[in-house]
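Source: prediction; values computed, not measured. Keep in mind that the numbers below use all heavy atoms, side chains included, and drop hydrogens, waters and symmetry copies. Lettering of chains follows the sequences in order, A, B, ..., and the numbering in each one begins at 1.
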Number of protein chains: 2
Amino acid sequence: MQASAIRRVRGRVAVLKALAHPVRVQLIEQLSRGERCVCEIHAIVGSDLTTVSKHLSVLKSAGLVSDERRGQQVFYTLLVPCLNSFVECVDAVVSRRLSEALEARGMTLEATKR
Amino acid sequence: MQASAIRRVRGRVAVLKALAHPVRVQLIEQLSRGERCVCEIHAIVGSDLTTVSKHLSVLKSAGLVSDERRGQQVFYTLLVPCLNSFVECVDAVVSRRLSEALEARGMTLEATKR
DNA sequence: GCGATATTTGACATTTTCGCCAAATAGTTT
DNA sequence: AAACTATTTGGCGAAAATGTCAAATATCGC
């Protein structure tokens with residue numbers, strides 16, 4: 001494989017790894033609605049504050065968010081709006097997988113509502 | 001957080017984790033060009049055959065590819081065309097990050113060509 | 001059925017990632 | 001500068017992901 005291809009793969013993996021964690025998915029989801037300070041995010045996702053901070057720094061290292069201090073608080077902003085279309089794609093995979101799993105058992109989504 | 005939100009996050013993470021690996025990124029890239037048998041993929045990516053097989057099964061479990069045996073060979077097909085637009089988004093992040101890193105050193109992409 | 005080729009699976013050591021605690025840093029208020 | 005709030009960082013054990021070897025399974029041609 002060529003050197004440029006190796007770099008391309010590494011770059012993609014760096015971004016994907018940054019996204020592939022439950023807390024970080026929540027962070028992206030929150031930030032897609034607008035900037036938030038760490039304390040707000042902490043209140044929403046519920047994880048330990050230091051854990052949230054570390055996950056935010058992972059997103060920052062990957063170039064997905066930026067941070068800005070204002071007074072005592074640090075606000076994070078999502079830098080990558082195109083992530084939203086990706087999330088839709090991922091959700092489509094998820095829902096397709098779900099309906100196929102149900103079909104395999106002779107069920108439908110309707111049948112699961114009680 | 002609501003139960004539906006938890007499921008949504010878990011689903012997204014399952015797909016993202018499946019994507020976040022160098023070998024699997026290569027597999028997706030190859031399969032985006034058309035179906036391939038395991039032996040072809042093995043020849044292209046170079047990793048151990050059993051490793052390739054396991055990574056393919058990870059993609060399959062995530063619902064991203066399907067497999068079909070024809071004779072002695074098993075062919076894998078990419079099920080998620082929308083992944084391509086996502087990859088473009090990821091690449092955009094990567095290249096932006098690269099150019100910013102260069103700017104921070106007072107360089108440009110042109111200046112790096114020798 | 002037997003040997004050859006293609007692929008998957010199980011087991012296991014190694015590496016990576018994660019979460020939480022304690023401690024450090026930054027800014028505000030008094 | 002001391003007290004207080006907000007956030008980050010270092011360290012470390014626990015959990016998850018990874019790669020490889022050996023063995024199992026599947027299909028084909030003889």
Could you tell me how far apart B/Gln73 (CD) and C/dT5 (C1') are, to the nearest whole angstrom? 9 Å

Between the base of C/dT5 and the side chain of B/Gln72, is there a donor-acceptor distance below 3.5 Å? yes

At under 4.0 Å, does any side-chain N or O of A/Tyr76 touch on OP1 or OP2 of D/dT8? yes

Round to the nearest Å and state the distance from A/Gln26 atom CD to C/dG19 atom P. 11 Å

Is the side chain of B/Ser99 donor-acceptor paired with the backbone N or O of B/Ser95 at a distance under 3.5 Å, no angle test? yes

With heavy atoms under 4.0 Å as the rule, sort A/Lys54 into base, sugar-phosphate or nothing. base

Are the charged groups of A/Glu35 and A/Arg70 less than 4.0 angstrom apart, N to O? yes

Between A/Ala20 and A/Thr50, which has a closest nucleotide on DNA chain C that is more 5'? A/Ala20

Any donor-acceptor pair under 3.5 Å joining the side chain of A/Thr51 to the base of C/dC18? no

Rounded to the Å, how far apart are B/Ile41 CD1 and C/dT7 C1'? 12 Å

B/Asp48 CG to D/dG19 P: how many Å, rounded? 10 Å

Which residue, B/Arg8, B/Arg10, B/Arg7, B/Arg12, forms the salt bridge (charged side-chain N to carboxylate O under 4.0 Å, His left out) with A/Asp91? B/Arg12

For the side chain of A/Lys17, counting heavy atoms from C-beta on, which of C/dT8, C/dT16, D/dT8 is nearest? C/dT16

With the side chain of B/Val74 defined as its heavy atoms from C-beta on, choose the nearest nucleotide among C/dT7, C/dC20, C/dT16. C/dT7

Nearest nucleotide by nearest heavy atom, which residue falls closer to the 5' end of DNA chain D, B/Arg24 or A/Cys37? A/Cys37

Strictly below 4.0 Å: does B/His55 bring a side-chain N or O up to OP1 or OP2 of D/dG19? yes

Touch class at under 4.0 angstrom, heavy-atom based, for A/His42 against every strand present: nothing

Mind calculating the distance between CG (B/Leu49) and P (D/dA23) to the nearest angstrom? 17 Å

Would you check if the side chain of B/Arg69 reaches a backbone N or O of B/Gln72 as a donor-acceptor pair within less than 3.5 Å? yes

Regarding the side chain of A/Ser53, the nearest nucleotide among D/dT7, C/dC18, C/dT8 is D/dT7

Looking only at heavy atoms, what is the nearest atom pair of A/Val38 and A/Tyr76, with distance? CG2-CE1, 3.6 Å

Please tell me whether A/Leu79 and A/Leu16 are part of a single hydrophobic cluster in this structure, the criterion being side-chain heavy atoms less than 4.5 Å apart. yes

Scan residues 56-71 of chain A against DNA chain C and write down, sorted by residue number, each residue with any heavy atom closer than 4.0 Å; if none is found, say none. A/Arg69, A/Gly71

Given 3.5 Å as the limit, does a donor-acceptor pair link the side chain of A/His21 with the main chain of B/Val13, or not? no

